[in-house]
Amino acid sequence: MDYKEEVLKLLSKFVKDPILEIPPNPELGDYAFPCFSIAKVQSKSPNEIAKELVAKLKPNKYVNKILVMGPYINFFINKDILAGAAIKNILEKKDSFGKSNIGKSKKQMIEFFHANTHKGVHIGHIRNICLGESISKILDFSGYNAIRANYQGDIGPHVAACLWGLLNMQERVPKENKALFLGEIYSKVNELMKNDKKIQEGVREINKKLYSGDKKIVSLWKKSREWCLKDFNKIYKDFGVKYNKLYFESEVEKDAIKISNNLLKNKIAQVSDDAVIIDLKAYDLGVAVLLTRYGTPVYHSKDIALAVLKSKQYKLDKSIHVVAKEQEFYFNQLFKMFEIIKSPLANKSLHLIYGLVMLPEGKMSSREGNVVLYKNLINKIKEETLKETQKRHKWNAKKLEEVSNKIAFSALKYSMLNRENNKIILFDWKTSLNFEGDTGPYVQYAYARASSILKKSKNKLNPDYLLLKDPFELKLVKHMSNFPFIVREAATHYRPDIIANYTHNLAQIFNEFYHNCAVISEDKPLEAARLSLVKATMQVIKNSLNLLGISVLEEM
RNA sequence: GGGCCUGUAGCGCAGCCUGGAUAGCGCAUCUGCCUUCUAAGCAGAGGGUCGUGGGUUCAAAUCCCAUCAGGCCCGCCA
């Protein structure tokens with residue numbers, strides 16, 4: 001039962017697809033219907049419409065008061081059933097509260113993380129993995145079948161550059177953090193080759209050898225690649241991602257060449273400056289290169305081959321690429337090519353755009369080496385949360401670490417998800433080490449406090465929901481019952497930030513309640529009713545944090 | 001030169017799709033609140049030409065046009 005639904009039911013007898021608003025002040029009502037749109041169609045004054053309409057609307061057991069306020073019709077939910085219905089619903093549905101089936105089991109492959117091997121994993125990749133996993137969870141929760149995939153760049157010029165460094169720079173390979181070491185080599189080689197044609201030539205040679213299967217190069221590649229993949233696996237674990245499918249550029253590279261040559265044969269592609277290209281100027285999309293003048297495939301052709309591979313393995317309703325804004329033009333090209341060559345993923349592909357993570361100095365670049373590495377960041381955050389946890393609790397080392405790690409990931413994930421996708425994130429250390437206000441830890445804290453109330457109370461009475469009539473209680477109840485609508489909104493727009501915002505707001509409202517309404521008290525019936533409200537709040541916080549990939553804590 | 005995105009308080013953001021009731025939130029600043037369920041909290045104060053200029057409308061942060069500022073992209077990197 002949902003009372004927004006009840007109001008809509010009531011209204012929809014007279015109005016087609018009414019849109020409800022929440023009045024600015026709860027004293028004005030619980031929901032409002034503005035009559036301006038009808039006024040326009042019927043060319044009457046909205047105040048008049050409101051008066052006429054309200055005469056037709058009959059209060060019922062859910063909506064017990066309907067008032068006109070100028071051009072608005074304000075609906076008052078029956079306070080006696082408001083809390084009870086909502087709380088019962090939440091406590092019955094538990095982890096499924098908010099779940100829907102708007103997706104009708106449609107298969108949506110969502111491709112994310114996309115880190116390349118032989119390069120450092122930085123905070124840009126972290127925004128990507130947080131977004132991808134959260135969106136997957138939101139889709140699953142909304143009845144879609146989200147297929148998590150990762151397409152990893154394990155081959156190509158950047159890898160060749162790194163291998164060149166391994167062969168020529170005589171740096172000692174460390175025992176630990178080998179992936180980080182490779183990232184450093186990579187940016188060092190880029191620095192060296194900037195003005196050095198010989199090194200550029202050497203890197204190109206290695207790239208060619210890599211593609212042609214030179215034994216020595218391939219074995220070095222396999223070994224170093226493994227270091228990175230091991231690191232990636234650790235990161236997947238950190239972020240709770242279980243991929244259905246891991247793709248590699250190296251597995252589509254041969255098909256990419258084949259497909260390119262076929263397109264050339266069929267005159268869809270052409271040779272230009274010794275490279276194989278598709279001319280997309282007719283669509284204002286410039287020119288897309290499939291094969292370089294050296295015959296090596298580039299990302300366009302590899303992505304075309306990947307689409308073929310994906311379609312062979314899955315019957316997809318949609319293929320979503322979580323990739324930063326900077327590649328928008330590229331995806332426009334790619335999707336146009338899908339249409340031209342009648343790829344099975346034509347018109348089923350979506351570039352899910354998010355803004356870059358920028359440093360105060362500007363854009364991050366693995367080539368330049370001016371990146372904030374994931375490892376450094378998470379370690380720093382963990383250090384900070386450990387300090388804070390130690391201040392508050394005398395736990396053993398194991399528990400301290402366990403809890404502070406969860407808080408650290410909550411802070412990191414939340415900060416990557418609480419902004420609208422298009423927004424650029426300007427990274428700064430101070431903000432990412434803040435655990436107050438609009439942060440993950442703040443929300444976790446509300447949950448921990450709630451949990452602590454439950455532990456302290458021994459009340460076993462059946463709750464009488466009629467006792468919940470305090471404005472703080474009702475505000476909380478109303479906000480919670482909005483959760484299913486919020487999830488739907490987040491799912492249709494692929495926007496975890498909507499969930500993050502909602503959750504923060506929920507925690508705020510709970511904290512207001514917490515400070516204004518003592519749960520544990522002499523009044524045992526009231527205590528029982530409030531306990532049920534606390535339980536419901538915990539459930540909704542848990543469900544929404546779960547969609548962000550953030551875990552809850554009983555104590556912190 | 002072209003395309004896309006962003007511009008809301010000192011800073012970071014939500015609201016814009018679907019125009020409506022006093023423009024919300026967080027950080028920072030200032031003032032209170034731990035003998036009462038965890039102060040990673042709460043209450044209060046100050047802080048706004050919603051980039052600018054037009055237009056549409058009874059009504060514009062929201063829609064349209066123009067313009068300015070910042071960011072990213074525009075064939076052999078991904």
Side-chain angles (χ1 to χ4, degrees), chain A residues 17 19 21 23-25 28 32 34-37 39-40 45-46 69-72 74 114 116 119 151 153 156-158 161 249 272-280 284-294 296 298-300 302-303 323-330 332-333 353 355-356 358 362-363 366-367 385 388-389 391-393 407 411 418-420 422-426 428 430-431 434-439 441-446 448-457 493 497-498 500-501 504-505 507-508 511-512 514-521 527 530 534 555-556:
Chain A
D17 300 327
I19 291 174
E21 293 177 3
N25 183 337
L28 290 170
C35 297
F36 303 101
S37 53
K40 194 155 196 178
S45 96
M69 194 77 92
Y72 293 92
N74 291 338
H114 294 131
N116 292 338
K119 272 187 181 183
Y151 174 50
H158 75 278
E249 274 190 45
S272 161
D273 293 336
D274 297 332
V276 177
I277 62 145
I278 293 188
D279 189 338
L280 299 169
D284 278 329
L285 289 170
V287 166
V289 174
L290 300 178
L291 300 177
T292 68
R293 68 173 80 178
Y294 308 102
T296 51
V298 295
Y299 46 109
H300 295 83
K302 287 186 237 182
D303 256 327
V323 177
K325 173 82 184 157
E326 52 182 347
Q327 289 185 41
E328 187 176 26
F329 182 78
Y330 163 66
N332 285 336
Q333 287 188 321
I353 298 171
L356 288 174
M358 304 270 284
K363 196 181 161 185
S366 313
R367 268 189 221 204
T385 52
E388 290 295 320
T389 311
K391 266 193 227 163
R392 293 156 222 260
H393 302 280
I407 300 170
N418 73 337
R419 267 159 254 213
E420 206 272 330
N422 271 309
K423 226 83 167 192
I424 287 170
I425 292 183
L426 195 70
D428 95 281
K430 202 177 147 222
T431 315
N434 175 35
F435 311 129
E436 290 167 15
D438 189 12
T439 66
Y442 174 91
V443 182
Q444 285 180 311
Y445 187 60
R449 291 168 119 190
S451 156
S452 154
I453 296 174
L454 293 194
K455 259 179 240 157
K456 288 225 163 115
S457 170
H493 297 280
D497 68 294
I498 293 178
N501 244 298
H504 173 240
N505 210 220
Q508 272 180 319
N511 278 329
E512 284 171 28
Y514 181 93
H515 279 271
N516 287 288
C517 308
V519 175
I520 295 170
S521 76
E527 178 177 319
R530 285 185 170 166
V534 171
E555 359 171 36
M556 65 181 274

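We name chains A, B, ... by the order of the sequence lines, and we start the count at 1 in each one.
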- Item | Residue list, ring-ring contact (aromatic ring centres under 6.0 Å, His included) with A:H114, at least two apart or on another chain | none
- Query: Any sub-3.5 Å donor-acceptor pair from A:N74's side-chain atoms to A:L28's backbone N or O?
  - Reply: yes
Contacts under 3.5 Å, N or O only, protein and nucleotides 68-75 of chain B:
from  : atom 1 : to     : atom 2 : distance (Å)
B:C73 : OP1    : A:K363 : NZ     : 2.7

- Check whether any side-chain N or O of A:R530 sits under 3.5 Å from a backbone N or O of A:A518 as a donor-acceptor pair, and report yes or no. yes
- Message: Nearest to the side chain of A:E512, heavy atoms from C-beta on, is which of B:C76, B:C27, B:A43?
- Response: B:A43
- Have A:Q333 and A:H300 got a donor and an acceptor in their side chains that come within less than 3.5 Å? yes
List every contact pair, protein side and nucleotides 7-9 of chain B side both N or O, where the distance is under 3.5 Å.
from : atom 1 : to     : atom 2 : distance (Å)
B:G7 : OP1    : A:K423 : NZ     : 2.9

- Item | Partner set under salt bridge (charged side-chain N to carboxylate O under 4.0 Å, His left out) for A:D279, not counting sequence neighbours | A:K281
- A:N116, nearest nucleotide to its side chain (from B:A21, B:A14, B:A78): B:A78
- Touch class at under 4.0 angstrom, heavy-atom based, for A:Y442 against every strand present: sugar-phosphate
Report, one pair per line, the protein and nucleotides 22-25 of chain B atoms (nitrogen or oxygen only) whose separation is under 3.5 Å.
from  : atom 1 : to     : atom 2 : distance (Å)
B:C25 : O3'    : A:Q508 : NE2    : 2.8

- Query: In which stems does RNA chain B show up, taking only runs of three or more Watson-Crick or G-U wobble pairs whose two distances fall under 3.5 Å?
  - Reply: B:1-7 with B:68-74, B:10-13 with B:24-27, B:29-33 with B:41-45, B:51-55 with B:63-67
Between the protein and nucleotides 33-37 of chain B, which nitrogen or oxygen pairs are less than 3.5 angstrom apart?
from  : atom 1 : to     : atom 2 : distance (Å)
B:C37 : O3'    : A:K456 : NZ     : 2.9
B:C37 : O2     : A:V519 : N      : 3.4
B:C37 : O2     : A:I520 : N      : 3.2
B:C37 : N3     : A:V519 : N      : 3.1
B:C37 : N4     : A:Y514 : O      : 2.2
B:C37 : N4     : A:C517 : O      : 3.0

- Side-chain contact, heavy-atom cut-off 4.5 Å: A:D274 with A:Y294? no
- With sequence neighbours left out, what residues match A:E328 under salt bridge (charged side-chain N to carboxylate O under 4.0 Å, His left out)? A:K325
- Can you find a donor-acceptor pair, distance only, under 3.5 Å between A:N511 side chain and B:A39 base? no
- Could you tell me whether a side-chain N or O of A:T296 sits under 3.5 Å from a main-chain N or O of A:T292, the two making a donor and an acceptor? no
- In terms of heavy-atom contacts, A:I407 and A:Q444 come closest through CA-OE1, 3.6 Å
- Message: Please enumerate all residues that pass ring-ring contact (aromatic ring centres under 6.0 Å, His included) together with A:H515, with sequence neighbours excluded.
- Response: none
- Contacts of type ring-ring contact (aromatic ring centres under 6.0 Å, His included), residue A:F435, not counting sequence neighbours: none
- Partners passing salt bridge (charged side-chain N to carboxylate O under 4.0 Å, His left out) against A:K430 (at least two apart in sequence or in another chain): none
- Query: A:T389 or A:I498: which one's nearest nucleotide on RNA chain B is closer to the 5' end?
  - Reply: A:I498
- Note on the structure: Residue set satisfying ring-ring contact (aromatic ring centres under 6.0 Å, His included) with A:Y442, at least two apart, ordered chain then number -> A:H504
- Check every strand shown and say whether A:A32 touches a base, only sugar-phosphate, or nothing at a heavy-atom separation below 4.0 Å. base
- Nearest-nucleotide check on RNA chain B, A:G156 vs A:M69; residue mapping nearer the 5' end is A:M69
- Query: When we call it a touch if two heavy atoms are under 4.0 Å apart, what does A:E555 touch: a base, just sugar-phosphate, or nothing?
  - Reply: base
- P atom, B:U49 versus B:A40: distance in rounded Å? 35 Å
